[in-house]
Amino acid sequence: MEPNPDVLRDLHRRMVRIRLFEEAAGKLAEAAKLPGFLHLYVGEEAVAAGVCVNLTDADSITSTHRGHGHLVAKGGQFRPMMAELMAKSTGYCNGKGGSMHISSLELGMLGANGIVGAGSPIAVGAAFTHKYRDDGNVAVAFFGDGATNIGAFHEAANMACALKLPIVFACENNEYGEFTRRDHTMAITDIVDRAQGYGMPGVIVDGMDAVAVYEAAAEAIAFARAGKGPTLIEAKTYRFYNHHGVQNLGLKYRPDSEVEVWKQRDPIFTFEAQLEDMGVLTVDRREALWAELRADIADAITFAEDSPYPEQDQILEDVYTRMEVAR
Amino acid sequence: MEPNPDVLRDLHRRMVRIRLFEEAAGKLAEAAKLPGFLHLYVGEEAVAAGVCVNLTDADSITSTHRGHGHLVAKGGQFRPMMAELMAKSTGYCNGKGGSMHISSLELGMLGANGIVGAGSPIAVGAAFTHKYRDDGNVAVAFFGDGATNIGAFHEAANMACALKLPIVFACENNEYGEFTRRDHTMAITDIVDRAQGYGMPGVIVDGMDAVAVYEAAAEAIAFARAGKGPTLIEAKTYRFYNHHGVQNLGLKYRPDSEVEVWKQRDPIFTFEAQLEDMGVLTVDRREALWAELRADIADAITFAEDSPYPEQDQILEDVYTRMEVAR
Amino acid sequence: MSDERSLSYMMAFNEAVRQSMRADETIFCAGEDIGAFGGVFGTYGGLQKEFGARRVVDTPISEQAIVGLGVGSAVTGLRPIVDLMFMDFICVAMDQIVNQAAKLKYMFGGKATLPLTITTAGGAGLSAAAQHSQSLEAILCHIPGLKVVYPSNPYDMKGLMVSCIRDDNPTVMVKHKRLLGISGPVPEDLYTVPLGQANMLRPGKDVTVVAWGRMANESMVAAEILAGEGIDCEVIDPRTLQPFDTATVVESARKTNRVIVVHEAVRFGGLGAEIASQVQEEAFDFLDAPVARIGAPFSPVPFSPALEKHYVPDAKSIASGIRGVLGRKSPGR
Amino acid sequence: MSDERSLSYMMAFNEAVRQSMRADETIFCAGEDIGAFGGVFGTYGGLQKEFGARRVVDTPISEQAIVGLGVGSAVTGLRPIVDLMFMDFICVAMDQIVNQAAKLKYMFGGKATLPLTITTAGGAGLSAAAQHSQSLEAILCHIPGLKVVYPSNPYDMKGLMVSCIRDDNPTVMVKHKRLLGISGPVPEDLYTVPLGQANMLRPGKDVTVVAWGRMANESMVAAEILAGEGIDCEVIDPRTLQPFDTATVVESARKTNRVIVVHEAVRFGGLGAEIASQVQEEAFDFLDAPVARIGAPFSPVPFSPALEKHYVPDAKSIASGIRGVLGRKSPGR
Ligand SMILES: Cc1ncc(C[n+]2csc(CCOP(=O)(O)OP(=O)(O)O)c2C)c(N)n1
Ligand SMILES: Cc1ncc(C[n+]2csc(CCOP(=O)(O)OP(=O)(O)O)c2C)c(N)n1
Ligand SMILES: [Mg+2]
Ligand SMILES: [Mg+2]
């Protein structure tokens with residue numbers, strides 16, 4: 001499933017959109033303009049983009065605490081995203097969710113999630129709907145390496161296989177859970193070794209290579225759409241910034257040299273070089289794209305800044321869906 | 001690790017003790033003399049016996065809802081066991097736990113458990129103690145095939161491997177979880193396929209063959225005692241009676257023919273035939289053993305029947321360990 | 001007349017699910033042993049036969065994934081009913097219930113509906129010991145986003161279950177294990193009992209008794225006993241515990257001037273505390289005695305029937321609690 | 001004088017653990033990121049350096065196994081301290097907490113001791129949204145077998161934490177996230193604050209205010225504001241929520257005749273309900289007004305600081321609540 005030039009450009013655009021959104025969010029956070037926690041996706045763009053290029057709005061995804069990248073890749077608009085991060089009433093969640101719960105049901109993005117591993121069972125439910133309706137759509141659960149140690153992931157993976165649901169488990173293995181190295185918390189080298197325990201295929205992919213992710217995801221998604229059941233994809237990747245926020249202000253937990261090695265493999269810059277070599281992207285077009293998207297970001301920031309905060313009386317709204325009394 | 005004749009006789013004795021206890025409990029339950037739920041271990045005796053022959057009282061085990069067999073195999077005495085099932089104050093748990101929570105800390109039996117899968121994390125804790133103290137002891141977690149679908153099992157297995165604890169995960173795969181066939185709830189054939197996802201060795205063993213279980217357990221336990229970490233043992237076995245109680249009174253969920261095939265492989269009778277062939281057990285000795293143990297059971301029943309129920313004022317005892325006020 | 005047809009509590013549940021499923025293709029059920037076997041309590045009996053394995057799904061023993069299945073399918077447009085066999089097992093799935101199902105709509109700024117029903121079996125009285133006998137409704141009622149019902153009779157069971165299924169919010173339907181076999185009149189048609197409306201089981205003038213689930217029935221027996229002593233109890237079954245019908249209870253309190261709440265859960269921190277607090281807040285000047293509470297003592301549920309029978313409130317202990325509120329002594333105490 | 005040494009709430013916790021570990025080899029700590037990194041809140045900082053990775057253990061992200069590790073090691077003779085980073089995550093481990101840790105001793109007929117301490121961080125005020133801001137103490141307090149502490153200042157933090165560690169029962173130590181940085185006098189020696197004893201933060205004669213964690217401090221500010229209006233508040237910090245020091249609160253209620261309970265959790269079903277119920281039960285004839293309760297509105301914790309600031313009670317809203325109990329109007333209301 002070699003991607004055609006349109007797909008390549010689409011992959012690229014999605015990645016750049018994520019990068020710009022995240023860099024902007026990081027800057028705003030450092031300027032104390034974003035309340036709450038912020039988990040940046042920078043460095044991992046190829047995973048969300050590579051997977052989501054294969055999806056439509058009718059397909060469902062679940063996400064993690066590190067969810068902006070997934071929403072952008074699924075088509076998220078900068079304005080309501082930025083507004084949400086700034087806790088404004090024009091945000092995707094009207095300022096009630098924030099970075100950790102950003103979502104867009106119209107785009108099939110069933111929410112970032114503050115509980116590690118909790119998204120996967122929800123993705124199983126979405127996949128169940130797709131199978132129940134026989135609508136040809138799939139669900140993708142994104143989660144980290146650390147999340148595979150939690151029970152909810154396990155139950156979701158097993159149930160999806162037992163019910164043969166149209167779902168892809170997309171693991172972003174960035175070698176850390178918060179500030180702890182992966183090898184302290186599991187005795188295996190590859191997450192994908194867990195796939196066989198559920199009875200699904202597992203595939204390792206270079207998470208810094210958008211095309212590799214795209215191809216693996218295309219296959220797994222086609223497999224799911226064909227009714228053949230789940231796949232576990234492990235994308236080896238790395239986050240360039242701190243677990244949350246931008247710079248690590250606490251104890252050092254990753255050697256600089258390690259960060260540097262991974263930064264050399266920046267998923268966007270290496271991809272751009274390839275695309276230029278292939279003639280799919282010219283320097284002009286690339287620069288125009290970045291400029292265009294930078295303008296979008298600036299616009300979104302202005303929009304968000306100009307937006308009102310929610311009003312006090314909205315606290316008690318949206319807790320329940322109000323039901324007609326007589327039905 | 002060929003077992004010597006003493007071990008063989010020990011295995012045999014433990015299995016017969018389990019069988020007699022369980023048959024007696026079943027009869028009492030049918031006579032409405034045992035309150036609450038009762039999950040019989042008949043058919044699976046080779047597993048508990050084969051594992052526990054390798055353990056001392058200083059080693060720890062955790063158990064399941066189907067826990068009598070584990071306690072008997074670990075050296076449980078009939079009198080306090082029977083009294084517990086009869087809800088008497090002379091029971092192992094003073095009548096507060098019953099069948100589903102039967103335990104004996106002095107014997108290293110950390111409790112039957114009414115929550116499927118919940119014993120494994122507790123076994124991890126016991127194994128941690130053994131490692132922390134460097135006392136050379138191990139923990140064994142017993143659990144069913146169905147329990148491997150629950151998150152707590154997964155977390156326990158992974159944590160035990162990550163911390164390289166002296167523990168053995170002993171799965172009793174009896175092909176059913178309650179009234180549902182295993183192949184409806186998982187897409188794999190062998191539970192042991194899950195071992196690799198945690199980074200531990202996995203071994204399949206014939207759970208109707210006490211010697212096979214013994215050998216596999218001996219190896220795994222030696223491995224654990226040597227500080228090499230966990231092992232997953234999958235014993236293929238079968239319960240001869242209903243999920244709870246004795247006979248199935250509800251809808252039929254297992255074909256009679258299936259039950260029959262397994263009963264042909266009765267772990268005790270086939271073993272006795274072998275032992276007689278080997279000259280390890282004479283017919284006389286066998287009959288004497290059954291008679292002796294039957295008498296023990298009768299004694300235990302009398303003891304339990306004659307024992308008093310706990311008194312109302314004991315309800316509020318044992319909730320907390322009382323602390324000295326000033327310390 | 002169809003209204004006089006008698007059905008068990010268990011079959012009333014079953015019929016609610018069955019008729020609802022016939023009427024709405026988006027409804028499905030999932031849980032352990034509920035398919036081929038019909039559920040360990042028989043409450044899902046025969047449904048898979050009628051609706052097939054597509055709509056009545058046997059799941060692995062995976063409570064977190066079972067509730068997650070409900071959350072994810074509800075938010076994408078289905079109307080799931082998921083079963084957690086024993087109420088104690090809500091603890092296993094607590095994150096999906098409390099942090100996901102209850103909060104998802106809110107976290108999404110209201111842009112989601114979650115027509116999810118969780119069914120479970122609560123209560124003691126079967127010598128099922130500490131992990132299979134709990135009454136944990138107070139925990140659920142403390143969580144914004146959830147609704148909780150706990151029917152005491154077959155009529156309410158059917159009507160409340162239909163309401164739960166139709167409700168666009170996550171609801172928890174608690175069946176009491178000891179009530180499964182009781183029978184009573186249940187109309188054949190598909191009716192609802194609205195959520196959030198208490199039921200006046202017995203009007204009276206001397207004291208208000210608030211009780212649900214099995215305790216509602218025990219309280220009725222207590223009321224009969226006390227009627228013989230000239231004490232006229234008003235017994236209110238809230239039926240829905242969240243949202244709670246405070247108005248009905250407060251109105252009654254203002255009339256009788258004495259209130260007692262009865263539940264099976266341990267007294268400390270039980271829902272009785274919330275009800276008592278609300279009553280004294282809203283009927284302070286009407287109260288002739290403190291609002292009393294009857295609940296289990298502060299211990300896990302003991303296994304031995306010799307203990308359990310004293311642990312769970314019954315008509316006798318309720319009657320003596322009511323006498324206490326009225327400043328009367330119980331005989332032989 | 002050592003008593004005048006000032007330490008932060010966070011470091012008071014740290015010192016309690018450190019000094020306890022020096023004194024008792026059976027104590028170890030386990031949790032996510034607590035080892036090399038010292039915990040995401042820094043509360044475990046430097047402990048691994050002093051005690052090594054054997055005694056300060058970084059675990060996988062596995063809350064159920066973390067608590068299970070505590071249960072199993074406690075029952076076999078160690079004295080574990082296990083950390084659940086955010087209080088919201090108790091839901092993930094709820095089965096091990098509620099069905100295992102709390103009940104094990106009882107189910108075993110008393111033949112077990114479980115010297116387990118679970119530490120966690122509760123409370124809102126960091127714009128951490130619905131899944132990282134909850135106050136779920138009422139749930140834990142409803143479970144027989146658990147003890148629960150919630151310190152409001154560094155002195156109590158150290159003393160209560162030492163008591164938790166030494167207690168032979170499962171205890172839950174809730175640190176309030178917003179108090180981590182506050183400082184106050186903390187003796188250098190290893191002292192205890194006994195579990196189950198309330199602390200009279202401020203004697204007064206007009207009204208009793210019961211509040212813990214951050215709300216204790218906000219209530220003290222409210223009391224200062226009201227002092228200027230001639231209202232003399234008695235502020236009681238129970239410190240331990242389970243077992244609850246009813247006697248101290250009731251005694252105060254009998255003196256002041258007016259009581260208000262303040263907590264950060266949602267009002268409905270919060271611990272305030274239990275306290276209010278007990279007060280009206282035991283001081284009915286002394287009360288001049290209903291026992292009042294201040295808590296969060298019945299919704300998940302909203303992310304936006306614009307909403308969260310109104311969601312969490314503060315000195316101002318507490319002051320106006322207290323005025324209400326006294327039948328006075330708040331200015332500008
Ligand atoms: C149940 C739960 N436990 C712990 C946390 C705290 N926490 C937030 S992110 C995180 C690390 C997750 O690691 P991983 O799954 O690898 O994702 P990554 O952050 O590396 O993308 C942890 C432990 C949480 N949010 N939920
Ligand atoms: C968390 C939880 N879910 C469901 C149950 C109900 N239940 C009790 S035993 C059982 C089946 C367990 O199957 P398995 O682990 O294979 O053990 P077996 O009974 O076959 O020995 C179930 C579902 C339970 N006790 N705990
Ligand atoms: Mg990671
Ligand atoms: Mg089984």
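- Remark: A/Phe240 pairs with no residue by the ring-ring contact (aromatic ring centres under 6.0 Å, His included) rule, at least two apart or across chains.
- When the candidates A/Val319, A/Ile150, A/Ile315 are compared by the number of heavy-atom contacts under 4.5 Å with chain D, A/Ile315 comes out ahead.
- Only the side chain of A/Met100 comes within contact range of chain D, with heavy atoms under 4.5 Å apart.
- With a threshold of 4.5 angstrom between heavy atoms, D/Ala36 approaches chain A through N, CA, C or O but not through any side-chain atom.
- Looking at A/Leu38, there are no atoms closer than 4.5 Å to chain D (heavy atoms on both sides), in backbone or side chain.
- Ranking A/Ala152, A/Gly97, A/Gly177, A/Gly151 against chain D, the residue ahead of the rest is A/Gly97, based on heavy-atom pairs under 4.5 Å.
- For the options A/Pro310, A/Gly117, A/Gly146, heavy-atom pairs under 4.5 Å to chain D are most numerous at A/Pro310.
- Contact of the D/Val40 side chain with the A/Phe179 side chain is registered, since non-hydrogen atoms from C-beta on lie closer than 4.5 Å.
- Separation of atoms CZ (D/Phe298) and CG (A/Leu316) is listed at 10.0 Å; rounding is to 0.5 Å.
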Step through the atoms of chain D and chain A and list each donor-acceptor pair whose separation is under 3.5 Å.
| unit_1 | atom_1 | unit_2 | atom_2 | d |
| --- | --- | --- | --- | --- |
| D/Asp33 | OD1 | A/Phe179 | N | 3.1 |
| D/Asp33 | OD1 | A/Thr180 | N | 3.3 |
| D/Asp33 | OD1 | A/Thr180 | OG1 | 2.5 |
| D/Ser62 | OG | A/Asn149 | O | 2.8 |
| D/Gln131 | OE1 | A/Gly114 | N | 2.7 |
| D/Gln131 | OE1 | A/Ile115 | N | 3.4 |
| D/Gln131 | NE2 | A/Asn113 | OD1 | 3.3 |
| D/Phe303 | N | A/Lys96 | O | 3.1 |
| D/Ser304 | N | A/Gly95 | O | 2.9 |
| D/Ser304 | OG | A/Ala87 | O | 2.8 |
| D/His310 | ND1 | A/Gln312 | OE1 | 3.3 |

